[in-house]
Amino acid sequence: MIPYGKHAVDSADVAAVVDVLENRFLTQGDTVPLFEKALCDYTGCQHAVAVNSATSGLHIACLALDVSSDDIVWTVPNSFVASANCARYCGASISFIDIDPITRNISIERLEQKLKSAVKTNKTPKALIVVHFSGLSCDMKQISELIKPYNIKLIEDAAHALGGTYLGQKVGSCAYSDMVVLSFHPVKSITSAEGGAVLTNDSELHRRLSLFSKHGVTKDPAAMSNVEGDWYYQQVELGYNYRLSDLHAALGFSQLKKLDAFVEHRVKLAEVYHDELAALPLALPTSISYSSSAWHLYMVEVQNHDRKVVFDALRERRIGVNVHYIPIHLQPYYRDLGFNIGDYPNAEAFYKNAITLPLFPTMTADEQRYVIDALYEVLN
Ligand SMILES: *Cc1c(COP(=O)(O)O)cnc(C)c1O
């Protein structure tokens with residue numbers, strides 16, 4: 001089976017992990033800070049907190065903003081459930097903004113409309129979580145300008161987009177947002193097996209992110225009401241154990257050195273798909289001048305064909321196609337909260353015809369040829 005996504009681990013990665021096993025602390029050592037610093041250097045952001053998943057990262061990002069049951073959080077429906085669940089962990093209510101059918105990212109028009117009606121009803125959200133779908137950055141400048149008058153905080157779920165750029169800056173720079181959340185799951189741009197990080201340029205948010213990821217416990221004398229001795233610490237918030245281990249950080253740190261090469265290969269594969277599939281009844285991803293995509297996913301929408309028939313025929317040919325995503329609001333958990341079919345028609349229309357084609361850093365030209373030929377067979 002040719003998978004839709006796959007990690008690329010080499011002997012340098014293995015050596016980096018073994019070095020930690022043999023010579024260093026397995027957790028709470030110096031490898032996590034090293035990885036955090038390297039993430040800052042790469043993205044141009046000032047602070048990074050490494051965590052054990054992007055899901056944990058999204059949770060502490062909401063906690064750092066004090067998101068609570070009195071609040072509303074907005075995100076998009078065409079994402080992994082974690083993009084919305086983080087608000088629910090904090091007891092906040094969630095609402096969605098439909099996508100733009102061309103970029104497949106948040107619709108700027110819908111955001112404008114929703115803001116207008118939220119202002120009228122006094123229901124503006126505490127935070128907006130945007131998702132850089134498939135690796136293509138949202139138009140962050142425009143979004144940040146739209147929400148600025150209402151004091152809405154902005155989080156980028158950049159689980160797809162590490163290695164991409166926006167207006168000439170790396171995704172993760174936090175130039176237009178309060179925080180950026182990354183994932184190092186094996187199918188993402190780089191992997192630490194499981195892992196993630198939250199980036200910010202705000203030192204107070206950085207302090208709170210760090211606190212919430214480590215039990216809400218501090219050893220900083222300035223943050224404690226009193227100090228009884230060198231052993232002393234205080235728990236000042238209800239935090240979690242969301243730490244990344246040094247073993248995982250070693251893998252992530254080693255992978256980060258190859259990120260640009262990985263993305264370069266992804267870009268080449270995407271260009272070949274773009275040229276070779278143009279003649280087929282497929283809507284292909286579009287490129288946008290303000291962003292270079294990290295190409296986490298190459299997604300097509302089938303036209304004049306039944307998606308399930310096409311999907312099954314490709315799977316029969318041992319091609320591990322996938323579908324990203326079942327719209328979050330249609331999940332039973334979210335249906336129980338009151339969401340319905342028809343609430344977000346663009347996300348639903350995209351889901352109906354979407355197929356994710358294989359694309360990963362070790363994919364060969366032969367493998368891609370096989371996928372393209374299969375698509376010509378199935379769609380003709
Ligand atoms: C993968 C993903 C997540 C969750 O990442 P984990 O590291 O597996 O927790 C969150 N949001 C999006 C958009 C994702 O693709």
Side-chain angles (χ1 to χ4, degrees), residues 45 54-55 57-100 103-133 136-161 166-167 171-183 198-202 205 208-209 290-291 325 327-329 334 337 339 343-344 346-347:
C45 193
T55 304
L58 287 161
H59 186 193
I60 61 169
C62 288
L63 290 169
L65 295 175
D66 251 330
V67 170
S68 75
S69 52
D70 300 331
D71 296 317
I72 305 168
V73 171
W74 290 354
T75 189
V76 284
N78 67 328
S79 185
F80 186 55
V81 291
S83 306
N85 286 348
C86 53
R88 298 292 303 139
Y89 296 155
C90 301
S93 44
I94 190 97
S95 190
F96 300 94
I97 297 159
D98 209 351
I99 59 165
D100 178 293
T103 63
R104 302 161 177 177
N105 279 331
I106 186 170
S107 158
I108 302 290
E109 258 170 47
R110 294 293 161 90
L111 173 61
E112 263 182 308
Q113 288 165 1
K114 200 172 167 87
L115 274 170
K116 266 187 203 148
S117 58
V119 169
K120 273 189 207 138
T121 54
N122 225 344
K123 282 189 165 173
T124 51
K126 177 164 251 167
L128 168 63
I129 303 172
V130 296
V131 178
H132 305 314
F133 189 76
L136 184 77
S137 176
C138 301
D139 194 346
M140 295 307 299
K141 189 161 182 277
Q142 210 177 357
I143 293 165
S144 69
E145 276 165 14
L146 271 177
I147 65 173
K148 198 168 282 167
Y150 312 109
N151 193 29
I152 298 165
K153 300 296 180 186
L154 187 49
I155 301 171
E156 299 173 59
D157 179 342
H160 296 183
Y166 173 71
L167 291 181
V171 167
S173 74
C174 292
Y176 301 96
S177 68
D178 296 284
M179 286 171 278
V180 175
V181 180
L182 304 173
S183 172
V198 189
L199 308 171
T200 184
N201 285 330
D202 182 316
L205 283 177
R208 286 175 64 78
L209 288 166
Y290 54 69
S291 169
Y325 294 89
I328 299 174
H329 69 286
Y334 285 93
L337 294 176
F339 294 100
D343 285 352
Y344 305 101
N346 293 348

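What you find for H132 and V171 is that their closest heavy atoms are CD2-CG1, 4.1 Å. Residues C174 and V180 share a closest heavy-atom pair of SG-CG2, 3.6 Å. Between A61 and M179 the shortest heavy-atom distance is O-CE, 3.4 Å.
Using a distance-only test at 3.5 Å, with no hydrogens or angles considered, a donor-acceptor pair links the side chain of D98 to the main chain of N346. No donor-acceptor pair closer than 3.5 Å links the side chain of N201 to the backbone N or O of C45. The closest donor-acceptor contact from the side chain of R208 to the backbone of L65 lies at 3.5 Å or more, if one exists at all. Between the side chain of D71 and the main chain of A92, no donor-acceptor pair closer than 3.5 Å is present. In this structure a side-chain-to-backbone donor-acceptor pair under 3.5 Å is missing from D178 to T200. Formation of a donor-acceptor pair under 3.5 Å by the S183 side chain with backbone atoms of A54 is not found in this model.
A distance of 9.5 Å separates CG in L209 from CG in L199, rounded to the nearest 0.5 Å. Atom-to-atom distance recorded for L58:CG and E156:CD is 11.5 Å, nearest 0.5 angstrom. Taken to the nearest 0.5 Å, the SG atom of C86 stands 11.5 Å off from the CD1 atom of I60. Residue T75 holds its OG1 atom at 7.5 Å from CD1 of I106, rounded to the nearest 0.5 Å.
Contact annotation: the side chain of E112 never approaches that of S107 to less than 4.5 Å [non-hydrogen atoms, C-beta and beyond]. Residues L167 and Y176 meet the side-chain proximity criterion, which asks for heavy atoms closer than 4.5 Å. Residues F133 and I99 are not in side-chain contact: their nearest non-hydrogen atoms beyond the backbone lie 4.5 Å or more apart. Side-chain contact between I129 and V181 is absent, with no heavy-atom pair separated by less than 4.5 Å. Side-chain contact between P125 and V73 is absent, with no heavy-atom pair separated by less than 4.5 Å.
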Quiz item: Step by step, would you call Y344 with I328 a side-chain contact (heavy atoms from CB on, under 4.5 Å)?
Solution: CA-CA 10 Å; Y344 305 101; I328 299 174; over 6 Å; no
Quiz prompt | side-chain contact (heavy atoms from CB on, under 4.5 Å) assessment of V119 paired with T124 | solution = CA-CA 6 Å; V119 169; T124 51; 3.8 Å; yes
Quiz prompt | Audit row: K123, S95, side chain to side chain donor-acceptor pair (under 3.5 Å) steps and yes/no | solution = CA-CA 11 Å; K123 282 189 165 173; S95 190; over 6 Å; no
Practice problem: Go through the steps for L115 and W74 under the test side-chain contact (heavy atoms from CB on, under 4.5 Å), then give the verdict. | Solution: CA-CA 11 Å; L115 274 170; W74 290 354; 4.0 Å; yes
Donor-acceptor list for residues 136-155 side chains, cut-off 3.5 Å, not counting sequence neighbours:
{"residue": "D139", "atom": "OD1", "partner": "Y166", "partner atom": "OH", "Å": "2.5"}
{"residue": "S144", "atom": "OG", "partner": "M140", "partner atom": "O", "Å": "3.2"}
{"residue": "S144", "atom": "OG", "partner": "K141", "partner atom": "O", "Å": "3.0"}

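Using a 30° and 60° split on the angle between ring planes, F80 and Y325 fall in the tilted class, from 30° to 60°. Between F339 and F96, the ring-plane angle classifies as perpendicular under the 30° and 60° cut-offs.
At a threshold of 4.0 Å, the pair D70-K126 does not count as salt-bridged, since none of the basic side-chain nitrogens sits closer than that to a carboxylate oxygen.
Summarising the local packing, CD of Q113 is surrounded by more than 12 heavy atoms from other residues, nucleotides or ligands at distances under 6.0 Å.
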